[in-house]
Amino acid sequence: MKSFRAIIARDLLLAVRQGGATFLALVFFLLTVTLFPLGIGPEPAVLARVAPGVLWVAALLAAMLSLDRLFQADFEDGSLEQLTLSGLPVGFIVLAKIITHWLTTGLPLLLAAPVLAVLLNMNDEGFAALLLTMLIGTPALSLIGAIGAALTLTVRRGGVLLSLLVLPLYIPVLIFGVSAIDAAVHGLNAKPHILLLAALTMAAIPLCPWAAAAAVKLSLE
Amino acid sequence: MKSFRAIIARDLLLAVRQGGATFLALVFFLLTVTLFPLGIGPEPAVLARVAPGVLWVAALLAAMLSLDRLFQADFEDGSLEQLTLSGLPVGFIVLAKIITHWLTTGLPLLLAAPVLAVLLNMNDEGFAALLLTMLIGTPALSLIGAIGAALTLTVRRGGVLLSLLVLPLYIPVLIFGVSAIDAAVHGLNAKPHILLLAALTMAAIPLCPWAAAAAVKLSLE
Amino acid sequence: MDGLGEFFAMGGYAGYVWPAFGIVLIVMALLWITSVRGWNNSERTLTSLRDHRRRREASEE
Amino acid sequence: MFQGRDIACDRGERRIFSNLDFRIMQGQALVLRGPNGCGKTTLLRTAATLLKVARGKLTWDGTDISEDPEEHRARLHFVGHLDAVKGALSVRENIAIWAKVRGSTEDRIEAAMAAFEILHLMDTPAQYLSAGQHRRTALARLVASPAALWLLDEPTVSLDADGTACLQRAIAAHRADGGMVMAATHIELGLDDVEFLQLKPQ
Amino acid sequence: MFQGRDIACDRGERRIFSNLDFRIMQGQALVLRGPNGCGKTTLLRTAATLLKVARGKLTWDGTDISEDPEEHRARLHFVGHLDAVKGALSVRENIAIWAKVRGSTEDRIEAAMAAFEILHLMDTPAQYLSAGQHRRTALARLVASPAALWLLDEPTVSLDADGTACLQRAIAAHRADGGMVMAATHIELGLDDVEFLQLKPQ
Amino acid sequence: MSMHYFANPARFTRLAGRIQPWAGGLAALLLLVGLYLALVEVPADYQQGDTVRIMFVHVPSAWMAMFCYMFLAGASAVGLIWKHPLADLAAKASAPIGAGFTFLALVTGSIWGKPMWGTWWVWDARLTSVLILFFLYLGYMALWQAIEDSQKAGKAAAVLALVGAVNVPIIKFSVDWWNTLHQPASVLRMDGPAIHSSMLWPLLIMALAFKAYFVALLLTRMRMELNLRRIRALRLAERTS
Ligand code: HEM
Ligand SMILES: Nc1ncnc2c1ncn2[C@@H]1O[C@H](COP(=O)(O)OP(=O)(O)OP(=O)(O)O)[C@@H](O)[C@H]1O
Ligand SMILES: Nc1ncnc2c1ncn2[C@@H]1O[C@H](COP(=O)(O)OP(=O)(O)OP(=O)(O)O)[C@@H](O)[C@H]1O
Ligand SMILES: [Mg+2]
Ligand SMILES: [Mg+2]
């Protein structure tokens, strides 16, 4: 347990030192969302119509792009093999890294989302649903993403392969997330969508670290 | 001149060997464009309205994400310093790499764009403008991107910093590209927008390799 | 002749029906040809490698 | 006692070596030798459970290590070509991280830096280190937390004479405490009373 | 003749060494020595124009090399800690790439692999090489295209006795052709008739 | 007969050699009969006209797209859990076939969609989930291709296939959910235009033809992969000696 906490502390320290990763994932999210009004045009009605989708897609992309930080740097400089040699089961090491990933990516996105929702003219009813779905959905992004990150470890410049593997797996999160917000915006009941999203995250918590650990072990062979 | 061609040949070989880079940049483009209807919803009218913006934003992101391939791998394993020691001026080395980047990213995007335009229900009038703006605009993406890629070389995991630097510089390309297509779709004259885009690319051809070369030299110190 | 022309016209939908069947046959044929060719190539390489090895082992003795 | 009996290892579907036997008792050092590509690194990584044995058995005091690989991992240190030193962190932080992950104490961190004579670089970010200073930082990990078995893959690479002497002293102290060492090298390590294991290319 | 007069170098705003003089004549070899962190790598990188001199002048046959750095770069080979070997390419492709970029011929590529005894690994992807095989691939670049000045930073790292002998032969042949060598090392390179430059930590 | 009976490559090769011509012949025969029935015998539909004939290639392709993924995931599970040496090969060999059929389902569906719905593509639930299935196939193949060591690649791809297999039903379900919300009474759902037997038979024959084709092709590709594995082993052995 002490080692587990030590690993999380280490990863957070590195995240802060290496160019303020937290700050930067957020910046990507902000930039992508601001590109849209530029591409689509400024009409408020159109923007409001596409707001939940744009926000969630941008969140997906921001989470996915920061995945290469998850294991790659540690793999390349030998830290990952040192971590697995620490005596802690690999599943726990992976879980520690997933937690850091969420703290440095999912959480900032969650906090920034309301501001962007205002920029995109999103209707007020959607706010609570937006926050709630982001809170429940972003951990699933980190969990599922870990599998892709681990699988592409031995692949040089695996970044784009990573996106091919991970984005299809992210689609349910996107769909449940958006449909919950849409339901709320139209005054319908968002609960079933949110419950489905929660079920997805719950199922991912035990399964994903296990699958990712298998992939990590493979990459060290 | 022979060394110049040898460098391009080398980079193309590496692009093919390392997980079919060409194929994968394309796949990212396809996937991102596919995410949008999933986020926004399937109504054809809404999709057609946002199609030019979505296509160009996705192209921007795909080009940007493949930028880390441009110098980073060569920098980390010492190939970049070997290249600069080859006796060819650094500006030419950078230009060779920009050309490869366009061949492996811009060109496939250009070819895939019409298919995606169909998927997004884009109105037929826009097709010619889409292809033309992509043909003129994607080289600018590679050129401008090279500066960002060179500047973030010494930053570990500079991926997100890169996006912060590069995306704002990409905005003019996005705006001229989209407005040309929008003009064509609405039966207006697209020519002024296209000329502006062409002027942009022309200006980038001499300036960007020079600026990127300065940044590369700096990173090797 | 009329029957045949009618057949090819597909009730005015020739532009859809024939490409659909065509692409199916093309893709299936391509998959088949590449697989069989790949298999033949692999057989050939394998036998030549084995011959090579046998000859060398014989020469070593 | 760490023992391998009739070990065989594969890399990329190819048998690298087979029928290999070795035994390390408490306080002993075993030095692996052999030409480039004969499998020294492979054997060390196998001993660290990073690779699987293709045949044979590795045992620790008689029990097969594959029964509880986590336990075996916790009792060894592995220092290889990749040195797990983060450029963004200072020398002290780099060493402290691994000490903490392995549940070691503060004072051992100081001791480790002293042992490899890098106390003066304590607060230097590792990206500004020379090759030898980098290596010393990686090696300091050995001293910063206790482990019964040290697996060292060409540990003296980039070290100057002083650095090599530091390593020799660290190894001697470790062995005096009953520790075991298994090291691969091409040049003389300058240890006394070692056994050699010569690997032959297949 | 490659000469440095009253050279000083900075790294990260710190003066690493100053008042350094050296001279290498045709066929000569200069070996840099000194403890870890004394500035050997820094000096080699400066000689390759990858770093700027803070004070003093580097000249080639009397002309300042900063006048036409591209020309100077074209006449040197630099082999450092980073070996510019691509895992995705085979050994042959790795060597051929650098030969082609420098406008060398096909037959030298074979000769280079022969010189470092890696002909049998020709088609192996470099990611499957052992540490020593990797190094030999990097060193083969020296032979694959001609250059008057070789700058070698700890070239024997990971090499076995055979590999070191290959390097010695390659250096001897290079010197016999009138080439110059500047090498940093901690262990004996086994070259005859060399001059030493001892760097002192500041 | 134990699970590992066919683990012996020689035995597998022999058996495959015996089955292959039969499967190939059957596929060709059924395909000819099916095409004749589909293009000539079956009358044009009173609503859809001759476009209904596309069904005879579209529907079997779509079925095969899903069947191949199930096969791939099953083989991956066997490979990962029981370490059956041929399972990885079977999974790898089936992926391009599955991707091919998925592509065909998409293209024929699109072609059919133009006259029927007046558009090549709609973001309908079924269409979208097939498209995502196509991406899963691509990812699976790209992963195999990207990892050199075939044993590692096999295990990594198997992990991906299983994760994908869990995901496919979730996608199907979620896409349905999402779609019905935005587009209730959609035209797209052809809730069984009560197929008559005159159409059912040709359809079944085509489906059987595709299955036989799959079997023949799978065996060919598995034998090819097996050969490639042996070639690699021989080459590696050569190198060291
Ligand atoms: C790109 C577009 C299309 C795709 C990806 C697609 C995909 C599929 C799939 C996956 C199935 C199998 C479903 C199952 O058995 O559960 C299917 C069946 C079917 N499709 Fe399509 N389809 C497309 C377009 C169309 C169009 C345009 C039509 C006709 C107007 C059509 C008519 C049918 C019919 C009649 C079936 C058989 C239904 C049944 O078994 O009950 N499809 N399609
Ligand atoms: N990028 C850098 N920024 C700041 N200081 C640096 C940088 N690189 C090296 N140094 C410092 O410069 C000094 C000289 O480093 P250099 O790498 O030249 O030493 P060296 O003689 O090659 O040592 P070694 O034998 O360990 O390789 C060292 O004290 C080191 O800490
Ligand atoms: N990942 C890999 N896949 C396939 N083969 C490999 C892999 N890594 C190493 N090999 C091969 O395995 C053999 C043994 O490699 P190993 O690294 O154990 O050698 P070594 O004894 O440490 O050599 P060196 O002295 O050069 O470090 C080599 O021939 C090498 O080519
Ligand atoms: Mg080794
Ligand atoms: Mg040095």
Side-chain angles (χ1 to χ4, degrees), chain A residues 1-24 69-97 99-100 104 153-154 156 209-210 213-221, chain D residues 9-13 41-42 44-54 68-90 93-105 125-127 134 137-138 141-142 144-145 147-151 153:
Chain A
M1 209 45 223
K2 240 171 80 185
S3 307
F4 187 72
R5 257 180 292 128
I7 295 175
I8 295 184
R10 163 185 182 275
D11 287 351
L12 286 176
L13 177 65
L14 279 170
V16 172
R17 284 291 168 79
Q18 290 179 337
T22 314
F23 163 73
L24 289 170
R69 274 210 316 273
L70 201 55
F71 302 116
Q72 192 72 35
D74 280 344
F75 175 71
E76 282 171 8
D77 70 6
S79 297
L80 193 58
E81 68 192 32
Q82 290 298 334
L83 283 173
T84 64
L85 289 176
S86 71
L88 210 63
V90 182
F92 282 94
I93 295 167
V94 170
L95 187 63
K97 293 197 152 284
I99 290 173
T100 329
T104 55
L153 264 184
T154 43
R156 284 296 288 163
W210 175 80
V216 164
K217 276 188 225 156
L218 212 64
S219 73
L220 292 174
E221 271 187 11
Chain D
C9 283
D10 293 350
R11 274 329 265 281
E13 302 161 49
T41 302
T42 305
L44 285 170
R45 291 181 73 85
T46 310
T49 70
L50 288 170
L51 295 175
K52 289 203 187 72
V53 285
D68 189 350
E70 263 85 37
E71 196 191 339
H72 182 66
R73 289 168 173 198
R75 69 184 158 229
L76 65 83
H77 272 308
F78 174 78
V79 178
H81 297 301
L82 297 173
D83 51 17
V85 171
K86 293 278 174 193
L89 303 183
S90 71
E93 285 166 334
N94 266 300
I95 299 168
I97 274 175
W98 296 111
K100 272 188 209 135
V101 167
R102 289 189 159 251
S104 185
T105 52
Q127 72 199 100
H134 215 265
T137 309
R141 221 165 46 219
L142 293 169
S145 68
L149 174 66
W150 289 6
L151 302 170
D153 196 0

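As the structure is a computational prediction, the values presented were derived from the model and not from experiment. Below, chain A is the first sequence line, B the second, and so on; all start at residue 1. Scope of the values below: all heavy atoms of this structure, side chains included, with no hydrogens, waters or symmetry mates.
Interface remark: D:Glu93 contributes side-chain atoms only to the contact with chain A (heavy atom separation under 4.5 Å). Within the 4.5 angstrom heavy-atom criterion, atoms from both the backbone and the side chain of D:Leu50 approach chain A.
A:Glu221 and A:Lys217 are not joined by a salt bridge, as no carboxylate oxygen comes within less than 4.0 angstrom of a charged side-chain nitrogen. Contact check on A:Asp74 versus D:Lys86 returns a salt bridge, with a Lys/Arg side-chain nitrogen under 4.0 Å from an Asp/Glu carboxylate oxygen.
The candidate from A:Arg5, A:Gln82, A:Arg10 with the greatest count of non-hydrogen atom pairs under 4.5 Å with chain D is A:Gln82. Each of A:Leu88, A:Leu13, A:Thr84 has some count of heavy-atom pairs under 4.5 Å with chain D, and the biggest count is that of A:Thr84. Between chain A and the residues D:Pro125, D:Ala74, D:Pro69, D:Gly103, the largest count of heavy-atom pairs under 4.5 Å involves D:Ala74. Ranked by non-hydrogen atom pairs under 4.5 Å with chain D, the options A:Gly78, A:Ala6, A:Ser86, A:Ser79 are led by A:Ser79.
Within the model, atoms CG of A:Leu85 and CG of A:Leu80 stand 9.5 Å from one another, a figure rounded to the nearest 0.5 Å.
Judged by distance alone, with hydrogens and angles left aside, the side-chain atoms of D:Ser104 form a donor-acceptor pair with the main-chain N or O of D:Ala144 at under 3.5 Å. Although no hydrogens or angles enter the test, the distance criterion places a donor-acceptor pair under 3.5 Å between the side chain of D:Arg141 and the main chain of D:Asp83.
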